[in-house]
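The structure under discussion appears below in the form of structure tokens.
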Amino acid sequence: MLWQFYQYHQSSFNLEDIDSRGRYNIDEEHLSDVISGNVECDAFVVLIEGGIAGFVTIE
């Protein structure tokens with residue numbers, strides 16, 4: 001769901017709207033490639049006091 005929140009934030013720049021399910025369209029294949037390290041992108045989860053606070057991707 002963090003990626004959905006990211007897409008929400010990005011929608012103010014790219015004007016993307018949600019679909020009929022109330023979600024943003026996410027390229028699941030690209031996200032899977034990022035997570036598995038198949039693209040030149042590093043992904044980090046940000047933790048605060050043991051809880052997930054967000055994430056960072058660096059391309």
Checklist outcome for this item: Separation between OG1 (Thr57) and OH (Tyr6), nearest 0.5 Å, reads 5.5 Å
Next on the checklist: Atom CZ of residue position Phe55 - does it have more than 12 heavy atoms of other residues, nucleotides or ligands inside 6.0 Å?
Outcome noted: yes
Checklist entry - Measuring from Ile26:CD1 to Leu31:CG, what's the distance to the nearest 0.5 Å? => result 6.5 Å
Checklist entry - Looking only at heavy atoms, what is the nearest atom pair of Cys41 and Val34, with distance? => result SG-CG1, 4.0 Å
Item to check | Shared hydrophobic cluster, Phe13 / Phe5 (ILVMFWY, side-chain heavy atoms < 4.5 Å) | outcome: no
Item to check | Intermediate values then yes/no, side chain to side chain contact (heavy atoms under 4.5 Å, CB included), Met1 and Arg23 | outcome: CA-CA 10 Å; Met1 294 309 297; Arg23 296 180 147 205; 3.3 Å; yes
Item to check | Check: Glu59 main-chain N/O paired with Glu40 side-chain donor or acceptor under 3.5 Å | outcome: no
Checklist entry - What do the steps show when you test Ile58 against Phe44 for side chain to side chain contact (heavy atoms under 4.5 Å, CB included), and what is the final call? => result CA-CA 9 Å; Ile58 302 171; Phe44 302 92; 4.0 Å; yes
Checklist entry - What's the spacing between Asn38 CG and Glu29 CD if we round to 0.5 Å? => result 10.0 Å
Checklist entry - Under 3.5 Å, is there a donor-acceptor pair between the Glu16 and Gln7 side chains? => result yes
Item to check | Close side-chain approach of Trp3 and Asp27, heavy atoms under 4.5 Å | outcome: no
Item to check | Flag side-chain contact, heavy atom, 4.5 Å: Leu15 against Asp17 | outcome: no
Item to check | Ile48, CD1 atom: more than 12 neighbouring heavy atoms under 6.0 Å | outcome: no
Checklist entry - Are any side-chain N or O atoms of Ser36 and backbone N or O atoms of Ser32, one a donor and one an acceptor, separated by less than 3.5 Å? => result yes
Item to check | Exceeds 12 heavy-atom contacts within 6.0 angstrom, atom CD1 of Ile52 | outcome: no
